Amino acid sequence: MRVLVIGGTHFIGPYVIRYLVSTGHTVKVFHRGQTKADLPSSVTYLQGNRQDLYQYQSQIQTFAPDVVLDMIPYTIVDAHTLLNTITGICPRIVAISSQDVYRARDIIWGLETGMVDATPLTESSPLRSQLYPYQNAPQRPLGIPSNYDKILVERTYLNTADMAVTLLRLPMVYGPGDPLHRFYAYLHRMDSKRPVIVLDARLAQWQSSYGYVENIAWGIALAVIQNPESESTASHRIYNLSELHPLNEKERLNLLAQAANWPGQILATTPDQLPADRFIPFNFHQDWTTDSSLIRQELGYQEPVSITTALARTLDWERQNPPADVQQSASAMVLLDPDIEDRIVAALSQ
Ligand SMILES: NC(=O)c1ccc[n+]([C@@H]2O[C@H](COP(=O)([O-])OP(=O)(O)OC[C@H]3O[C@@H](n4cnc5c(N)ncnc54)[C@H](OP(=O)(O)O)[C@@H]3O)[C@@H](O)[C@H]2O)c1
């Protein structure tokens, strides 16, 4: 198969491309040339900005892709630009979406009221009613634009009648190369030989879906290379892609502790023990887990890497590539200052 990848040279993309090449497929990557990845020598490149994609139509036509894998559709314009460029040239798109399309996300953030949604979320669970989830965020993750919305991306792709579309809703992804260094702040505490990590009890019990980057990349590669004759390839499909057994934060932290050889204790404490300014204003009654059984049934997806190996590889990488500041790690926002932890532990032991 000939696969044009839009993006693909940063975090998840390189793993996907290595799977595609190792299973015998021909890959061309379209990106601006600002990031570089160690990709197989057979990979070819088209350099440009996706907002100008249409200007590259004749080169794309010459490449004649069987599938375009859109790794980085963030806005409705991104989706329209790709459709305008490849309609009539390519029969199929696989596009990367996110579990942030679900209404559950906004229940957690306090932007939707009412009953929590049943979890794990399936592909037909309710979607957010408000658009642009990061519009007013003080910091937008991974430099995404203020008009980011995967709901609009999905809708635009699903509205096309000219080609088959597969959408993959990703969970929080971790592993070597993770620009968010999701678990680094936890690891930093463990490697600093802190005896205890104190967690808000609501967070300790909160379940969310993660995926290890090599496993997520394999799911994406499978969606790209699935049998062109199959019913799922010929029609529009949405798949959640996430780990089989979601964990709560305390369970995940316990696995991290084992992988890090940390002998300390994770202590869950009620929010009233926490300083008011460290109260996390999320509705933790809403879990954020997704059900990935559909991609398992239809595409035969299974994780190639166990969670033990995944965490070991992640921690190795994090130790060798720490962020410049521990506060850059996504887990830093839920950790208490060490002196506050010490006070809580002292109060509890009296
Ligand atoms: N990480 C997570 O936890 C998570 C969770 C849910 C969903 N996702 C989704 O996963 C996808 C991101 O994966 P990734 O970061 O691993 O992507 P990636 O494809 O590995 O890296 C981003 C790529 O996009 C290229 N790029 C960025 N802006 C561009 C532009 N304007 N024109 C052309 N190329 C451009 C970059 O190369 P240049 O810089 O050289 O242009 C790079 O190749 C996104 O769709 C994201 O929403 C991620």
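Numbering of ligands and ligand atoms starts at 1, following listing order. Sequential numbering from 1 along the given sequence is applied to the chain's residues. Note that this is a predicted model, so its numbers are computed, not measured.
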For the residue pair Y15 and A217, what are the closest heavy atoms and their distance?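 The answer is CB-CB, 3.4 Å.
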
To the nearest 0.5 Å, tell me how far [X] [atom1] sits from [Y] [atom2].
| X | Y | atom1 | atom2 | value |
| --- | --- | --- | --- | --- |
| K36 | T9 | NZ | OG1 | 8.5 Å |
| T62 | Q57 | OG1 | CD | 10.5 Å |
| Q302 | N215 | CD | CG | 10.5 Å |

Report yes if some N/O of [X] lies less than 3.5 Å from some N/O of ligand 1; otherwise report no.
| X | answer |
| --- | --- |
| P14 | no |
| Y74 | no |
| I6 | no |
| S98 | no |
| V173 | yes |
| P73 | no |
| L180 | no |

Return the closest protein heavy atom for atom 13 (O) of ligand 1 as residue, atom name and distance.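 Looking only at protein heavy atoms, the one closest to atom 13 (O) of ligand 1 is I12 CD1, 3.7 Å.
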
Atom 18 (P) of ligand 1 [closest protein heavy-atom partner, distance rounded to 0.1 Å]: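 Here the closest protein heavy atom is G8 N, 3.6 Å.
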
Is it true that R182 lies under 4.0 Å from ligand 1, counting heavy atoms only?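 True for this residue.
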
Mark the output for S97 as yes if a heavy-atom distance to ligand 1 is under 4.0 Å, and as no if none is.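 Flag set, S97 near ligand 1.
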
Which of the numbered atoms in ligand 1 are under 4.0 angstrom from any heavy atom belonging to [X]?
| X | answer |
| --- | --- |
| G48 | 32 (N), 33 (C) |
| N49 | 30 (C), 31 (N), 32 (N) |
| G13 | 16 (O), 20 (O) |
| K150 | 44 (C), 45 (O), 46 (C), 47 (O) |

Hey, would you say the F282 and W109 ring centroids sit under 6.0 Å apart?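 When the ring centroids of F282 and W109 are compared, they turn out to be within the sub-6.0 Å range.
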
Counting C-beta onward and ignoring hydrogens, is there a side-chain heavy-atom pair between D287 and W206 closer than 4.5 Å?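 Yes, close enough: below the 4.5 Å cut-off.
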
Angle between ring planes, [X] versus [Y], binned at 30° and 60°: parallel, tilted or perpendicular?
| X | Y | value |
| --- | --- | --- |
| Y174 | Y210 | perpendicular |
| Y186 | F183 | parallel |
| W317 | H181 | parallel |

If you count every heavy atom of other residues, nucleotides or ligands that lies below 6.0 Å from D339 atom CG, does the total exceed 12?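 Count over threshold, so yes.
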
How does P171 reach ligand 1, if at all, at less than 4.0 Å between non-hydrogen atoms: by side chain, backbone, both, or neither?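 For P171, only backbone atoms sit under 4.0 Å from ligand 1.
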
Which option out of [options] puts a heavy atom nearest to [atom]?
| atom | options | answer |
| --- | --- | --- |
| atom 23 (C) of ligand 1 | G177, A217, G7 | G7 |
| atom 30 (C) of ligand 1 | M71, R32, M172 | R32 |
| atom 10 (O) of ligand 1 | I96, L168, I144 | I96 |

Please confirm whether the backbone N or O of V94 pairs with a side-chain atom of T166, one donor and one acceptor, at under 3.5 Å?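 Here the side-chain-to-backbone pair does not exist.
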
